[in-house]
Amino acid sequence: MAAVRGVRWLTRALVAAPNPGAWRSLCTSAVAQAASRSQAEDVRVEGAFPVTMLPGDGVGPELMHAVKEVFKAASVPVEFQEHHLSEVQNMASEEKLEQVLSSMKENKVAIIGKIHTPMEYKGELASYDMRLRRKLDLFANVVHVKSLPGYKTRHNNLDLVIIREQTEGEYSSLEHESARGVIECLKIVTRTKSQRIAKFAFDYATKKGRSKVTAVHKANIMKLGDGLFLQCCEEVAELYPKIKFETMIIDNCCMQLVQNPYQFDVLVMPNLYGNIIDNLAAGLVGGAGVVPGESYSAEYAVFEMGARHPFAQAVGRNIANPTAMLLSASNMLRHLNLEHHSNMIADAVKKVIKVGKVRTRDMGGYSTTTDFIKSVIGHLHPYGG
C-alpha cells in the first residue's frame, strides 16, 4: 500500500491550486478495497494496481481489448475494473454515472475511450462525458504531440505539448433561447481556473525540462473573457523567469502550426481552442490513432486518446489503430511508477512502427488491429515479457 500511496507524485507536482499552501496540503489517500459492482466483472488480484476502465463508444472496446492483451502478455500488475457508460448504446443513466465516479474516486486512476456525445438535444445540455470530467474536476488535459520514428509525415521530429483547460469556457453547457430564433451560449472564464491551468502549464514545463510556454487566446475580440485568461497567464509567467513566455492569437496559431510547428514547445489555452488544436496537431504526426492524451485533477488521473474520436465507421472491422491507446496505457503505467512495464510497452509499439512491416490502414498499411497487437506482443520478448 505504501507503493500505491506514492504513485500520484506527477499529478501532485503538476496540479496547482491558486494558493500554494492549499496545494501542499493536498494528499492522495491510499486506494481503498474495491467494492464489487454489477457493471464490473472483476477478480481481485493480490498486489495489482486497481484501474477503472471505461471502453466508451466506437472502436473504444476494441482498443481496450488491445490494451488488455498486451498487458497480459507483459505481465503488467494492473487489475482493470471495467464499466460501461454510453449515450448512444442506451447505457447511460445517473446510476451508471455514479458507479463510474465511485470506481474512479476509489482507484484514482482510469483509462477511458471516447464517450460519444449525440448532437440531438434531449433536455440535458451537459453530456455524460462533460459531467464526468466536471465531477472529478479534471481541469487539465495534456496531449503530447510527438513524431514516431520510422513513420514519415509532412512534419517530422515534432515534439510539442498542448495543455487545455477543460472544465469551463465554451463548454459550460449554459445555453438558452432568449427570444424566438435567438440563442445565447455563455462562455465562462474565471480567474481561479485560468490561474490554475496557467500554473499547471508552467509547472509541467519546469518538470519536463521545456523552455517555452505559449498562451493561445482571442483577447483581441473577447476582450474581457479571453482578456482575463491572458492576464492570468501573464501574471503566472512572472513567477517562472527561466521559462520563456509568448502569446498568440488562436487563428494565427492554427496557421503557424501548419507552417512551422517547430517553434512551439508547450501551449496552454482555454477549452474550445484546445479541442481544435489537439486535433490539428494530431494530424501533423499521423492522426488520432497515434497521439495519446491524459487528464488531471488534484487527485485523479485519466488516460485516453489525445484526439477523441469514436471512429464509428471502423467498428467491428478489425482495422482500428491501437497505437494511441497503447501509448496512453504506457503513460498510465509510468504514473503508477511501473517504469519497467511502461518502457517495455512503449518501446514495443515504437519498434513495430519503426520496422514498418505492420501498419494499420490509417498509417498507409493493410494490417489489422489483431496483426498490430500480435506484433507488439512479439516485440515485448527482449524485455522478458
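Everything quoted here is computed from the prediction, not taken from an experiment.
- Annotation: the span from Asp137 atom CG to Ser295 atom OG amounts to 11.5 Å, rounded to 0.5 Å.
- For Glu339 (side chain) and Asn343 (main-chain N/O), no donor-acceptor pair under 3.5 Å exists by modelled atom type.
- With Glu168 contributing its side chain and Lys193 its backbone, the two residues share no donor-acceptor pair below 3.5 Å.
- In this structure, Glu170 CD and Met222 CE are separated by 6.5 Å, a value rounded to the nearest 0.5 Å.
- Aromatic ring centres of Tyr273 and His217: separated by at least 6.0 Å.
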Q | Stepwise salt bridge (charged side-chain N to carboxylate O under 4.0 Å, His left out) test for Lys105 and Glu98 | A | CA-CA 10 Å; Lys105 288 178 179 179; Glu98 287 304 317; 5.8 Å; no
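- Note that Lys208 lies in the cation-pi zone of Tyr204, set by a 6.0 Å cut-off to the ring centre and a 45° limit from the axis.
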(Q) Using side chain to side chain donor-acceptor pair (under 3.5 Å), reason through Asn260 and His155 one step at a time and then give a plain yes or no. (A) CA-CA 9 Å; Asn260 178 26; His155 298 287; over 6 Å; no
Q.
Determine whether Asn275 and Tyr171 satisfy the following criterion, side chain to side chain donor-acceptor pair (under 3.5 Å), listing intermediate values before the conclusion.
A. CA-CA 10 Å; Asn275 193 357; Tyr171 292 14; 2.6 Å; yes
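- Between the side chains of Asn107 and Thr52, at least one donor N or O sits under 3.5 Å from an acceptor N or O.
- Side-chain atoms of Asp347 and His379 include no donor-acceptor pair closer than 3.5 Å.
- Distance check, rounded to the nearest 0.5 Å: CZ of Phe202 to CD1 of Ile163 gives 10.0 Å.
- The closest side-chain donor-acceptor pair between Asn157 and Ser147, if any, does not fall under 3.5 angstrom.
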**Q.** Derivation of the side chain to side chain donor-acceptor pair (under 3.5 Å) call for Asn331 and Ser328
**A.** CA-CA 5 Å; Asn331 292 338; Ser328 185; 5.4 Å; no
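- Checked against the 6.0 Å centroid threshold, Phe245 and Tyr240 do not count as a close aromatic pair.
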(Q) Please evaluate residues Arg134 and Ser173 with respect to the criterion side chain to side chain donor-acceptor pair (under 3.5 Å), reporting the C-alpha separation (whole Å), side-chain torsions for both, the decisive distance (0.1 Å), and the verdict. (A) CA-CA 11 Å; Arg134 286 181 193 165; Ser173 302; 3.1 Å; yes
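- For the atom pair CD1 of Ile197 and OG1 of Thr192, the computed distance is 13.5 Å after rounding to the nearest 0.5 Å.
- Relative ring orientation between Phe139 and Phe200 is described as perpendicular, the plane-to-plane angle rising above 60° on a 0-90° scale split at 30° and 60°.
- Below 30°, between 30° and 60°, or above 60°: for Phe303 and His335 the angle between ring planes is between 30° and 60°, a tilted geometry.
- Between the side chains of Glu82 and His84, at least one donor-acceptor pair of N or O atoms lies under 3.5 Å.
- Between the side chains of Thr206 and Asp203, no donor-acceptor pair of N or O atoms lies under 3.5 Å.
- With sequence neighbours excluded, the residues forming a side-chain contact (heavy atoms from CB on, under 4.5 Å) with Asp362 are Asn321, Thr360, listed by chain and number.
- Between the Ser172 side chain and the Leu174 main chain, no donor and acceptor come within less than 3.5 Å of each other.
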Give the table of side-chain donor-acceptor pairs shorter than 3.5 Å for residues 227-235, with sequence neighbours excluded, one pair per line with atom names and distance.
| unit_1 | atom_1 | unit_2 | atom_2 | d |
| --- | --- | --- | --- | --- |
| Gln231 | NE2 | Glu235 | OE2 | 3.0 |
| Glu235 | OE1 | Arg191 | NH1 | 3.0 |

